[in-house]
Amino acid sequence: MPFGQLVLGSPGAGKSTYCDGMHQFMGAIGRQCSVVNLDPANDHTSYPCALDIRSLVTLEEIMADDRLGPNGGILYALEELEHNMEWLENGLKELEGDYILFDCPGQVELYTHHTSLRNIFYRLQKLGYRLVAVHLSDCFCLTQPSLYVSNILLALRAMLQMDLPHINVLTKIDKLASYDPLPFNLDFYTEVQDLSYLLPSLEAETPAMRSEKFSRLNQAIADLVERFGLVSFEVLAVENKKSMMHLLRVIDRAGGYVFGSAEGANDTIWQVAMRNESSLMEGQDIQERWVDNKEFYDEMERKEEEEQEKLREAQAEAQAEASGGGGSDVLEAMTPPPGSDSGIRVARKKK
């Protein structure tokens, strides 16, 4: 059964960067992964593109032939893909067995009210694909209450429109500490707690929102979000391995991958960590990790990575000696240094 992620988000949210980082991370944990570019305007991808919509239709051709603008051209391109699904299905057959990342365009119309993208992935679900929609938002939106509420509404509309297992993600979380301090802890924003507490900050943002009319509108929006009770956010720093590990575990649970997959017998340290419950970050830790003591945790994780690299080198040397007839000292060489407790370690002797 093939699995995949549908990567959504506004322009600048980091979709292509996410696909590149997730592709590399999956390679590190031994999961075969391919990336499909569905953005006809993306003529330069940072990741190895296994299948590209630009081989079917390009934005430049559409704009020239039909005299459409960029947004209309992208909508037309997705409609063209919907009517030529055989091209996508045949391309995916060549990637059989791979975990697929679908890098989608940034036009929000595609996943808020336009039907082509939804129909395309509904067709793939009929073919047996287990998909998870991953909706990315730049964490900069937390610095302005109006931007934050807008992103919540956008995420909610995407969840209702796409009708898939859905994970909302605040990207570039490692930059949050450099912004102005937030009025609430980070978990208030990720858990989308009672938005009525945010109304005074929302009204203070601009004088125009201090009128009775806008106050009632803000309260109605807060009540709407609370009644649905669907939206929450994960956080992501794409260059941080633990952050990527945590998010991938959440996605695997949402899509069912974690319940029916096997990474293989030749486990790496990251593969074992992916199956370890302790790899999940606790919600109450994100404020301390990314805002209050970010530099401390960055340094601690850097030292852990250095220790793990030394351990991997020692294991590689021990295995080389074992394969060359190293004798009974192999197990001693593969034993971690005393007092070292920097994470999960796997040591196997070749037979």
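Side chains are part of it too, since the values below use all heavy atoms of this structure and drop only hydrogens, waters and symmetry mates. These figures come from a predicted structure and were not determined experimentally.
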- Query: Is any side-chain heavy atom of V35 less than 4.5 Å from a side-chain heavy atom of C49?
  - Reply: no
- Query: Do the side chain of S178 and the main chain of K175 share a donor and acceptor less than 3.5 angstrom apart?
  - Reply: yes
- The side-chain contact (heavy atoms from CB on, under 4.5 Å) partners of V192 (sequence neighbours excluded) come to Y148, I152, L195, V225, V231, F233
- Message: Once ring-ring contact (aromatic ring centres under 6.0 Å, His included) is applied, do any residues pair with Y179, and if so which ones, sequence neighbours excluded?
- Response: F140
Taking distance alone, no hydrogens or angles, what donor-acceptor pairs closer than 3.5 Å link side-chain atoms of residues 99-109 to residues at least two apart or in another chain?
residue: Y99; atom: OH; partner: Q5; partner atom: NE2; Å: 3.1
residue: D103; atom: OD2; partner: S16; partner atom: OG; Å: 3.0
residue: D103; atom: OD2; partner: Y47; partner atom: OH; Å: 2.7
residue: Q107; atom: NE2; partner: N71; partner atom: OD1; Å: 3.0

- Item | Within-4.5 Å side-chain heavy-atom neighbours: L236 and Y18 | yes
- Task: May I have the step-by-step check of salt bridge (Lys or Arg N to Asp or Glu O under 4.0 Å) for D298 and K294, ending in yes or no?
- Result: CA-CA 6 Å; D298 286 346; K294 177 180 178 298; 2.8 Å; yes
- Query: Would a hydrophobic clustering, with Ile, Leu, Val, Met, Phe, Trp and Tyr connected at side-chain separations under 4.5 Å, put Y197 with L153?
  - Reply: yes
- Task: Is it possible for you to check whether R31 lies under 6.0 Å from the centre of the six-membered ring of Y257, through NZ or CZ, and within 45° of that ring's axis?
- Result: yes
- For residues L8 and K15, report the shortest heavy-atom separation together with the two atoms involved. C-CD, 3.5 Å
- Query: Taking only residues at least two apart or on different chains, which pairs with a member in residues 118-141 satisfy salt bridge (charged side-chain N to carboxylate O under 4.0 Å, His left out)?
  - Reply: E89-R123, D138-K172
- Heavy-atom closest pair, residues L110 and L117: O-CB, 3.6 Å
- Query: Is the side chain of N185 donor-acceptor paired with the backbone N or O of D187 at a distance under 3.5 Å, no angle test?
  - Reply: no
- Item | Any side-chain donor near an acceptor of the partner, N37 and T45, under 3.5 Å | no
- Given side-chain contact (heavy atoms from CB on, under 4.5 Å), test T17 with S46 step by step and report yes or no. CA-CA 7 Å; T17 303; S46 56; 5.6 Å; no
- Query: Hey, are the side chains of V235 and C139 touching, using non-hydrogen atoms and a 4.5 Å cut-off?
  - Reply: no
- Side-chain heavy atoms under 4.5 angstrom apart, residues restricted to Ile, Leu, Val, Met, Phe, Trp, Tyr: same cluster for Y76 and V57? yes
- Evaluate the criterion side-chain contact (heavy atoms from CB on, under 4.5 Å) for residue pair L81 and L56; output intermediate values, then yes/no. CA-CA 8 Å; L81 177 60; L56 174 68; 3.9 Å; yes
- Message: Does D180, at its CG atom, have more than 12 non-hydrogen atoms belonging to other residues, nucleotides or ligands within less than 6.0 Å?
- Response: no
- Do L164 and L247 belong together in a cluster built from hydrophobic side chains that touch within less than 4.5 Å? no
- Output all residues satisfying side-chain contact (heavy atoms from CB on, under 4.5 Å) with A50, sequence neighbours left out; order by chain, then residue number. S34, L95
- Task: Identify, with sequence neighbours excluded, every residue that meets side-chain contact (heavy atoms from CB on, under 4.5 Å) alongside P145.
- Result: L198, S201, L202, E205
- Message: Could you report the tightest heavy-atom contact between A155 and H166, atom names first, then the distance?
- Response: O-NE2, 4.3 Å
- More than 12 non-hydrogen atoms from neighbouring residues, nucleotides or ligands closer than 6.0 Å to CD on E295, yes or no? no
- Query: Out of curiosity, W87 CH2 to E80 CD, how far, rounded to the nearest 0.5 Å?
  - Reply: 11.5 Å
- Item | Heavy-atom side-chain proximity of N42 to L59 below 4.5 angstrom | no
- Measure the spacing between OG of S215 and CD of E203 and express it to the nearest 0.5 Å. 3.5 Å
- Query: Going from CG on N119 to CG on L78, what distance comes out if it is rounded to the nearest 0.5 angstrom?
  - Reply: 10.5 Å
- Message: To the nearest 0.5 Å, what is the distance between CG on L75 and CG on L68?
- Response: 9.0 Å
- Under the side-chain contact (heavy atoms from CB on, under 4.5 Å) rule, what do E79 and H114 come out as? Steps first, then yes or no, please. CA-CA 10 Å; E79 292 173 356; H114 197 264; 3.0 Å; yes
- Task: Could you tell me whether the side chain of T171 and the main chain of A13 form a donor-acceptor pair under 3.5 Å?
- Result: yes
- State, to 0.1 Å, how close P165 and A254 come at their nearest heavy-atom pair, and which atoms those are. CB-O, 3.7 Å
- Task: Flag the pair L248 / I29 as yes when at least one side-chain heavy-atom distance between them is below 4.5 Å, and no otherwise.
- Result: yes
- Item | Heavy-atom side-chain proximity of L92 to L124 below 4.5 angstrom | yes
- Item | Cluster check F214, L147: I/L/V/M/F/W/Y, side chain < 4.5 angstrom | yes
- Message: Before you tell me yes or no, could you show the steps for E317 and R312 under salt bridge (Lys or Arg N to Asp or Glu O under 4.0 Å), namely the whole-Å CA-CA distance, both residues' side-chain angles and the distance that decides it to 0.1 Å?
- Response: CA-CA 9 Å; E317 292 177 0; R312 286 191 290 268; over 6 Å; no
- Message: Going by the rule ring-ring contact (aromatic ring centres under 6.0 Å, His included), which residues pair with Y122 if we only count those two or more places apart in sequence or in a different chain?
- Response: none
- For the residue pair L88 and V36, what are the closest heavy atoms and their distance? CD1-CG1, 4.4 Å
- Task: Can you run down the salt bridge (charged side-chain N to carboxylate O under 4.0 Å, His left out) pairs that involve residues 44-59, sequence neighbours left out, and say none if there aren't any?
- Result: R54-E60
- Please check if atom CZ in R302 has more than 12 non-hydrogen atoms from other residues, nucleotides or ligands closer than 6.0 Å. yes
- Query: Does a side-chain heavy-atom distance below 4.5 Å link L182 with V291?
  - Reply: no
- Query: Partners of E61 by side-chain contact (heavy atoms from CB on, under 4.5 Å), sequence neighbours excluded?
  - Reply: T58, D65
- Approximate separation, where rounding is to 0.5 Å, of Q315 CD and K310 NZ: 14.5 Å
- Task: Enumerate the residue pairs fulfilling side chain to side chain donor-acceptor pair (under 3.5 Å) with a member in residues 219-232, sequence neighbours excluded, ordered by first and then second residue.
- Result: Q219-D223
- Any side-chain heavy-atom pair from Y129 and F3 closer than 4.5 angstrom? no
- d(I120 CD1, E82 CD) to nearest 0.5 Å is 6.0 Å
- Query: Do I53 and Y111 share a hydrophobic cluster (ILVMFWY, side-chain heavy atoms under 4.5 Å, transitive)?
  - Reply: yes
- Least distance between heavy atoms, H135 atom then A158 atom: CD2-CB, 4.3 Å
- Message: For the CG atom on D43, are there more than 12 heavy atoms of other groups (residues, nucleotides or ligands in this structure) within a distance under 6.0 Å?
- Response: yes
- For W290, the option from D174, L176, D285 that meets side chain to side chain contact (heavy atoms under 4.5 Å, CB included): D174
- Run through the side-chain heavy atoms of Ile, Leu, Val, Met, Phe, Trp and Tyr, join any pair under 4.5 Å, and report what else lands in Y297's cluster. F296, M300
- Item | All salt bridge (Lys or Arg N to Asp or Glu O under 4.0 Å) counterparts of E234, not counting sequence neighbours | none
